Amino acid sequence: MNKIDNPKPEIWSEILKRPTKTVDDIEITVKEIFKEVQRKGDEAVAKYTSIFDGISQDNYEVSEEEIKEAISLIPSELKEAIELAKENIYKFHNAQKTERVEVETIEGVNCWQEKRPIQKIGLYIPGGTAPLFSTVLMLAVPAEIAGCKEIVLCSPPDKKGKINPAILYAANLCGVTKILKVGGIQAIAGMTFGTQSIPKVYKIFGPGNQFVTVAKQLATQFGVAIDMPAGPSELLIVADDTAVPAFVASDLLSQAEHGTDSQVILVSTSKKLIEEVEKEVQSQLEVLPRKAIAEKAIENSKLIYVENDQIALDLINEYGPEHFIICSEYDDFYCNGIVNAGSVFIGNYTPESAGDYASGTNHTLPTNGYAKNYSGVNLDSFMKSMTFQKITKEGILNIGSAIETMAEAEGLQAHKNAVTLRLKSLE
Ligand SMILES: NC(=O)c1ccc[n+]([C@@H]2O[C@H](COP(=O)([O-])OP(=O)(O)OC[C@H]3O[C@@H](n4cnc5c(N)ncnc54)[C@H](O)[C@@H]3O)[C@@H](O)[C@H]2O)c1
Ligand SMILES: N[C@H](CO)Cc1c[nH]c[nH+]1
Ligand SMILES: [Zn+2]
């Protein structure tokens with residue numbers, strides 16, 4: 001791990017650079033695949049599934065039999081764990097429902113706002129290096145609460161051409177309406193344009209590797225909305241001598257094991273803690289089944305010593321981590337001062353894994369600095385706000401002449417007429 005001592009603000013952006021490929025490199029491939037899927041539909045999807053996933057298939061949809069088989073394969077302990085996680089995710093997201101807003105802005109002019117579910121949505125469930133069935137809960141549970149009608153799910157096929165049974169189990173449990181064995185760029189392109197097998201959707205949700213993330217961003221150019229860029233996992237921990245080094249190391253490794261391009265960072269005002277965490281990381285790494293992946297991610301990671309908590313906070317806000325763990329005597333200071341982070345975890349007994357699986361918060365979060373301008377997935381992500389208004393005769397008399405004056409000043413006579421005619425009818 002790279003140890004950095006008291007970096008000056010001028011070099012923060014350099015040392016905090018993400019280990020991701022540049023968007024330009026990936027964009028060339030993504031654009032090519034999008035063009036082909038738009039023109040050739042399923043034929044192109046099949047071609048790229050064969051190239052990137054090593055699978056030849058002509059039928060993408062998961063059948064009822066496959067779902068039944070998956071349900072029978074899930075051990076009861078895992079079913080119970082999924083149920084508990086689902087319940088907590090449901091509780092937290094259901095509580096995000098808001099009342100309709102209604103205001104009489106002036107006598108006779110009533111304005112209100114109501115939310116409506118997005119009717120057709122696509123969920124991307126990563127499956128490249130690990131089958132992230134927990135992501136199904138994170139996306140399908142709030143989609144169901146919101147009332148989305150068509151919920152399409154795409155996830156890459158494994159080497160046998162199948163989707164992991166736990167993904168199918170969770171999808172079936174949470175009301176997904178169609179499941180397709182397609183992953184990567186070709187899945188995002190499919191849901192963007194629609195193919196013979198893949199329905200076109202209005203909004204695409206879900207995390208993925210860099211290819212998936214760039215593909216989602218390109219999808220927006222074709223009229224499809226996305227939740228946010230949710231790419232390779234990131235974690236930044238701020239910790240002092242009140243932290244337990246073994247816990248800190250375990251959290252760093254939890255995100256490092258996602259992929260070689262994950263980024264984990266420790267910021268501390270204690271050199272002693274940094275030394276202890278470094279040793280712990282090395283010893284815990286040895287026994288991890290995904291050691292090779294985590295080790296590579298750890299190579300890019302940083303242990304940063306700073307002189308005081310204010311410098312630490314400024315640096316963290318500059319970085320904007322996806323996940324932010326606070327293990328500090330001054331946790332209130334950090335909670336109050338953090339403005340750029342996807343999700344915040346406070347105290348020695350709040351591992352990031354809790355938010356990944358079962359505490360109730362959503363784990364689909366902005367990465368790559370997008371925590372500066374995007375929220376993580378929440379109930380509102382699945383809805384649109386619509387406004388309504390109803391104006392009485394008294395109301396049009398109250399605002400009519402203001403509208404006429406403004407329309408005239410903008411040179412829009414027809415706008416003015418729409419009011420004038422009504423006002424005249426009331427004389
Ligand atoms: N930000 C979040 O909220 C969040 C949540 C969960 C997971 N994640 C991240 O999601 C990612 C999951 O990645 P993954 O790879 O395991 O699964 P994935 O499903 O995102 O990607 C796998 C697919 O990528 C495609 N692919 C692979 N190599 C390619 C290449 N060279 N060119 C074009 N396409 C290629 C293949 O089609 C493959 O099926 C991880 O980086 C993890 O950290 C992020
Ligand atoms: N940490 C990931 C978000 O970056 C989510 C996840 C799913 N499973 C385990 N972790
Ligand atoms: Zn995780």
Side-chain angles (χ1 to χ4, degrees), residues 18-21 25-34 45-55 85 123-139 153-159 161 163-164 166-167 170 181-190 205-216 227-235 250-264 290 293-294 296-297 321-325 342-343 345 351-359 361-371 374-377 381:
R18 268 84 175 172
T20 42
K21 286 190 184 151
D25 294 342
I26 298 175
E27 224 174 48
I28 298 166
T29 315
V30 173
K31 280 186 171 156
E32 229 172 76
I33 298 175
F34 264 54
V45 172
K47 172 179 160 187
Y48 288 106
T49 301
S50 156
I51 293 175
F52 296 125
D53 299 304
I55 289 291
L123 313 182
Y124 185 82
I125 305 302
T129 62
L132 300 188
F133 63 85
S134 53
T135 306
V136 179
L137 304 178
M138 297 294 168
L139 301 177
L153 183 155
C154 287
S155 190
D158 65 15
K159 296 288 165 240
I163 291 186
N164 182 281
I167 294 182
K181 294 175 257 185
V182 185
I185 304 165
Q186 55 278 15
I188 305 299
F205 295 79
N209 61 17
Q210 298 169 58
F211 300 101
V212 170
T213 306
V214 173
K216 275 172 61 190
D227 48 359
M228 89 215 71
S233 298
E234 302 167 352
L235 169 64
S250 68
D251 288 329
L252 292 171
L253 287 168
S254 78
Q255 294 312 289
E257 79 170 345
H258 268 296
T260 54
D261 50 8
S262 298
Q263 189 174 51
V264 296
R290 287 166 71 93
I293 294 175
K296 194 95 192 86
E322 178 194 11
H323 306 103
F324 175 37
I325 295 184
S343 194
F345 301 76
E352 194 274 345
S353 304
D356 277 353
Y357 292 106
S359 60
T361 60
N362 209 290
H363 79 204
T364 312
L365 298 163
T367 57
N368 208 10
Y370 283 107
Y374 281 91
S375 313
V377 164
S381 313

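As the structure lists them, so they are numbered: ligands from 1, and atoms in each ligand from 1. These numbers were taken from a predicted model, which means no experiment stands behind them.
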Regarding [atom]: of the candidates [options], which has the closest heavy atom?
| atom | options | answer |
| --- | --- | --- |
| atom 2 (C) of ligand 2 | Met138, Glu257, His258 | His258 |
| atom 43 (O) of ligand 1 | Ser233, Ala256, Gly259, Gly376 | Ser233 |
| atom 10 (O) of ligand 1 | Gly208, Ala215, Pro366, Pro232 | Gly208 |
| atom 17 (O) of ligand 1 | Gly54, Gly231, Pro229, Gly128 | Gly128 |

Nearest-contact summary for [atom] - protein heavy atom, Å:
| atom | value |
| --- | --- |
| atom 3 (C) of ligand 2 | Glu322 OE2, 3.4 Å |
| atom 9 (C) of ligand 2 | Tyr357 OH, 3.3 Å |
| atom 5 (C) of ligand 2 | Asp356 OD1, 3.4 Å |

**OP:** Could you tell me whether any N, O or S atom belonging to His258 is less than 2.8 Å from the Zn ion (ligand 3)?
**Re:** yes
**OP:** Look at the N, O or S atoms of Asp356, main chain and side chain alike, and state whether any lies under 2.8 Å from the Zn ion (ligand 3).
**Re:** yes
Does any N/O atom on [X] come nearer than 3.5 Å to any N/O atom on ligand 1?
| X | result |
| --- | --- |
| Gly127 | yes |
| Thr367 | no |
| Ile185 | no |
| Ser262 | no |

**OP:** Would you check the N or O atoms of Thr135, main chain and side chain alike, for any that come under 3.5 Å of an N or O of ligand 2?
**Re:** no
By number and element, which atoms of ligand 1 are closer than 4.0 Å to a non-hydrogen atom of [X]?
| X | answer |
| --- | --- |
| Pro156 | 19 (O), 39 (O) |
| Leu132 | 6 (C), 7 (C) |
| His363 | 2 (C), 3 (O), 5 (C) |
| Ala230 | 1 (N), 2 (C), 3 (O) |
| Leu365 | 1 (N), 2 (C), 3 (O) |
| Thr364 | 3 (O) |
| Thr129 | 14 (P), 16 (O) |
| His258 | 43 (O) |

**OP:** Could you tell me whether ligand 2 has any atom less than 4.0 Å away from a heavy atom of Glu234?
**Re:** no
With a 4.0 Å heavy-atom cut-off (strictly under), which part of [X] contacts ligand 1: side chain, backbone, both or neither?
| X | value |
| --- | --- |
| Gln186 | side chain |
| Asp53 | side chain |
| Tyr124 | side chain |
| Val212 | side chain |

**OP:** Before giving the answer on side chain to side chain contact (heavy atoms under 4.5 Å, CB included), spell out for Gln186 and Asp53 the whole-Å C-alpha distance, their side-chain angles and the decisive distance to 0.1 Å.
**Re:** CA-CA 11 Å; Gln186 55 278 15; Asp53 299 304; 3.4 Å; yes
Original post:
Quick one: does Met138's side chain get under 4.5 Å of Asp356's, heavy atoms only?
Top reply: no
**OP:** Indicate yes or no: at least one non-hydrogen side-chain atom of Asp158 is less than 4.5 angstrom from one of Asn164.
**Re:** no
**OP:** Give the contacting part of His323 toward ligand 2: side chain, backbone, both or neither, where contact means a heavy-atom distance below 4.0 Å.
**Re:** side chain
With a 3.5 Å distance limit and no angle check, can you tell me whether [X] reaches the backbone of [Y] through a side-chain donor-acceptor pair?
| X | Y | value |
| --- | --- | --- |
| Asn209 | Phe211 | yes |
| Asp227 | Gly206 | yes |
| Lys216 | Phe205 | no |
| Tyr370 | Leu365 | no |

Subject >> Aromatic ring pairing Tyr48/Phe52, orientation class (parallel under 30°, perpendicular over 60°, tilted between) >> reply: parallel
Original post:
At a 4.0 Å cut-off, with the gap strictly under it, does some heavy atom of Thr29 reach an atom of ligand 1?
Top reply: no
Original post:
Between Gln255, His258, Arg18, which is the residue that forms a side chain to side chain donor-acceptor pair (under 3.5 Å) with Glu234?
Top reply: Arg18
Original post:
Step by step, would you call Ile125 with Leu139 a side chain to side chain contact (heavy atoms under 4.5 Å, CB included)?
Top reply: CA-CA 9 Å; Ile125 305 302; Leu139 301 177; 4.1 Å; yes
Subject >> Atom indices of ligand 2 within 4.0 angstrom of Ser134 heavy atoms, with elements >> reply: 7 (C), 8 (N)
**OP:** Below 4.0 angstrom from a heavy atom of Ser233, which ligand 2 atoms are there? Numbered from 1 as shown, please.
**Re:** 1 (N), 2 (C), 3 (C), 4 (O)
Original post:
Can you name the residues that form a side chain to side chain donor-acceptor pair (under 3.5 Å) with Thr135, not counting sequence neighbours?
Top reply: His363
